[in-house]
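Working notes for the structure below.
Keep in mind that the numbers below use all heavy atoms, side chains included, and drop hydrogens, waters and symmetry copies. Note that ligands are numbered from 1 as they come in the structure, with each ligand's atoms numbered from 1 the same way.
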Amino acid sequence: MEDNFSWFWMPVLWFLVPLFVLKIVGLLWWRPRRIEEHFSKQGIRGPPYHFFIGNIKELVGLMLKASSQPMPLSHNILPRVLSFYHHWKKIYGPTFLVWFGPTPRLTVSDPDLIREIFALRSEFYEKNESHPLVRQLEGDGLLSLKGQKWAHHRKIITPTFHMENLKLLVPVIGKSVVEMLDKWSEMSNSGEVEIEVSDCFQTLIEEVITRTAFGISYEDGKAVFRLQAQQMVYAAEAFRKVFVPGYRFFPSEKNRSSWRLDKEIKKSLVKLIERRKENSCNEMLDGCPKDLLGLLIRASTNETAQRKPSSPPSTITVHDIVEECKGFFFAGKQTTSNLLTWTTVLLAMHPEWQELAREEVLRVCGARDIPSKDDITKLKMLSMIVNESLRLYPPAIATIRRAKADVELGCYKIPRGTELLIPIIAVHHDQGLWGNDANEFNPARFSDGVARAAKHPMAFIPFGLGARTCIGQNLAILQAKLAIAIILQRFSFRLAPNYRHAPTVLMFLYPQYGAPIIFRHLSGPTTSSDHGS
Ligand code: HEM
């Protein structure tokens with residue numbers, strides 16, 4: 001029997017093992033060399049590829065060194081935040097090849113090329129596959145879907161984020177902001193209070209997103225945020241490691257924790273969706289905001305009702321809804337809370353702009369009332385300030401696309417499978433596009449509108465570009481303007497003496513040591529009962 005076994009298997013193994021080794025060597029050694037050569041012939045160079053790990057070791061080293069200590073109070077944050085780009089750009093120029101493990105990434109910061117990727121020839125590019133831990137966090141929803149399924153979901157969800165619909169949320173958001181400020185007032189001592197704003201704004205945005213996403217069920221959504229915050233720590237660690245295919249199935253301690261968290265998140269969301277379906281909600285009544293959950297449930301119900309017995313199953317399932325909700329929690333919270341944090345820090349650093357913004361708010365909205373939806377659109381100075389904040393401190397500092405086929409990008413020939421890294425923050429800080437004061441806080445550059453603020457209309461891309469542009473941008477801007485306006489009505493503020501300037505990336509741009517700010521009441525302390533609506 002044993003003899004029969006070796007007689008049959010030994011030659012098979014002799015054949016298969018070398019084949020497997022050859023395949024691995026091809027993927028991890030020969031292919032990267034060929035790609036390096038392909039780009040080098042076109043004048044594109046970069047740090048040399050190292051077997052299997054690519055440039056991960058140098059990359060992590062540069063990041064750790066850059067974030068090892070705070071920086072001076074300056075807005076020249078690119079060297080700290082995207083240290084590898086800053087470092088290699090000086091050596092190889094703005095378009096260079098960098099290796100994330102065996103995956104090549106070409107950096108693209110020329111706005112004409114960026115427009116080609118996102119808008120003019122977007123059919124040749126697709127979203128790259130996120131790391132499985134990141135994917136778990138962002139869900140299999142709009143953020144990562146592709147093709148027809150993405151288009152179908154985007155069409156259904158878009159109405160939630162129309163300005164007309166969002167404006168109905170103004171009193172809800174305003175109420176959450178006022179409640180937060182009332183707590184600050186209660187904590188204040190002789191009219192002043194020190195607040196670590198990045199934590200406070202996260203809680204505020206959680207509340208607003210849960211209301212926008214879940215309407216009447218917002219209380220139930222809060223548990224999901226807590227679980228996602230834990231998942232985010234694992235996902236952020238994954239960014240610093242080479243992606244090993246299949247490793248996610250290995251029952252390591254972290255993987256097991258991450259699976260458990262994912263299971264809990266799914267369970268909470270399914271419970272929430274089922275309860276909401278049973279209640280069959282009142283949110284479709286005239287004048288009530290359409291929330292994400294209501295729209296998705298309605299879409300799935302309509303599809304099921306209209307389905308012929310012979311047609312394929314409804315495309316919006318409870319699983320789809322769960323995945324979309326995960327994405328909205330994740331994308332909505334971290335981005336907007338960081339926008340609020342950086343805008344507050346900037347106004348604390350630049351009191352002259354804080355004063356101009358306050359004058360406008362008091363003139364348009366008065367000193368006490370929660371600004372109305374019409375007031376918000378009139379706050380031009382505040383819009384300029386928020387834009388300048390998004391330019392200097394964009395919460396999403398970069399994005400990635402993958403070439404679906406061999407494609408020409410400008411004068412470059414890009415092989416299929418190459419990833420293109422668009423360093424949003426580098427484009428926003430480029431002196432060639434923004435002038436010599438690119439690293440200065442100067443909201444006035446937006447006084448003639450976004451398209452004319454820089455030398456190229458595509459130089460300002462905090463929300464991405466083209467069909468896959470951020471669906472939540474109106475909501476983010478609305479929340480930020482409303483919250484800052486209400487703060488300006490009630491407080492003046494400055495950096496706390498213990499503030500340390502340390503913008504850092506943990507998936508999004510955030511202050512490494514928090515953002516302690518001192519708030520001073522403009523007049524005597526007020527409470528919510530004093531406010532109009
Ligand atoms: C300051 C706040 C925000 C910033 C800077 C921001 C940034 C971005 C960027 C750059 C993209 C494009 C990514 C790419 O092309 O690869 C994006 C997409 C997206 N964002 Fe946002 N975002 C913000 C707020 C929000 C909010 C509040 C929500 C939802 C509640 C949201 C949901 C999404 C979704 C679902 C996508 C994917 C859209 C698609 O592919 O169809 N974002 N965001």
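Distances between N or O atoms of Arg401 and those of ligand 1 include at least one value under 3.5 Å.
Among protein atoms, those of element N, O or S found less than 2.8 Å away from atom 21 (Fe) of ligand 1 are Cys470 SG.
Judged by distance alone, the side chain of Thr341 and the main-chain N or O of Ser337 form a donor-acceptor pair under 3.5 Å. Using a distance-only test at 3.5 Å, with no hydrogens or angles considered, a donor-acceptor pair links the side chain of Gln228 to the main chain of Lys326. Remark: side-chain polar atoms of Lys127 are not paired, donor with acceptor, to backbone N or O of Leu145 under 3.5 angstrom.
Taking 4.0 Å as the cut-off between side-chain N and carboxylate O, Lys271 and Glu274 do not count as a salt-bridged pair. The pair Lys404-Glu123 fails the salt-bridge criterion, with no side-chain N (NZ, NE, NH1 or NH2) lying under 4.0 Å from an Asp/Glu carboxylate O. Here Lys146 pairs with Glu129 in a salt bridge; the nearest charged N to carboxylate O distance falls below 4.0 Å. Contact check on Glu264 versus Lys267 returns no salt bridge, with no Lys/Arg side-chain nitrogen under 4.0 Å from an Asp/Glu carboxylate oxygen.
Taken to the nearest 0.5 Å, the CG atom of Leu382 stands 11.5 Å off from the NZ atom of Lys380.
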(message) Between Phe441 and Tyr393, is the ring pair (Phe, Tyr, Trp, His ring centres under 6.0 Å) condition met? List the steps.
(response) CA-CA 10 Å; Phe441 178 70; Tyr393 296 82; 8.8 Å; no

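What sits closest to atom 36 (C) of ligand 1 on the protein, heavy atoms only, is Leu143 CD2, 3.5 Å. The protein heavy-atom contact nearest to atom 7 (C) of ligand 1 is Pro462 O, 3.5 Å. Ranking protein heavy atoms by distance to atom 40 (O) of ligand 1, first place goes to Arg468 NE, 2.9 Å. For atom 39 (C) of ligand 1, the nearest protein heavy atom (residue, atom name, distance) is Arg154 NH1, 3.3 Å.
In this pair, His75 and His350 present their aromatic rings tilted. The plane angle is within the 30 to 60° band. The aromatic rings of His428 and Phe460 lie parallel to each other, their planes meeting at an angle below 30°, with 60° marking the opposite boundary. Trp88 and Phe96 have perpendicular rings, their planes meeting at more than 60° on a 0 to 90° scale where under 30° would count as parallel.
For ligand 1 and Leu142, the ligand atoms under 4.0 Å from any heavy atom of the residue are 35 (C), 39 (C), 40 (O). Residue contact check: Trp150 has heavy atoms under 4.0 Å from atoms 39 (C), 40 (O), 41 (O) of ligand 1. Close approach to Phe328 involves these atoms of ligand 1, each under 4.0 Å from a residue heavy atom: 29 (C), 30 (C). Listed by number with element, the atoms of ligand 1 under 4.0 angstrom from any heavy atom of Leu339 are 1 (C).
Under a 4.0 angstrom heavy-atom cut-off, Lys127 registers as being in contact with ligand 1. Not a single heavy atom of Pro394 lies less than 4.0 angstrom from ligand 1.
By heavy-atom distance, the residue among Thr399, Leu475, Leu390 lying nearest atom 14 (C) of ligand 1 is Thr399.
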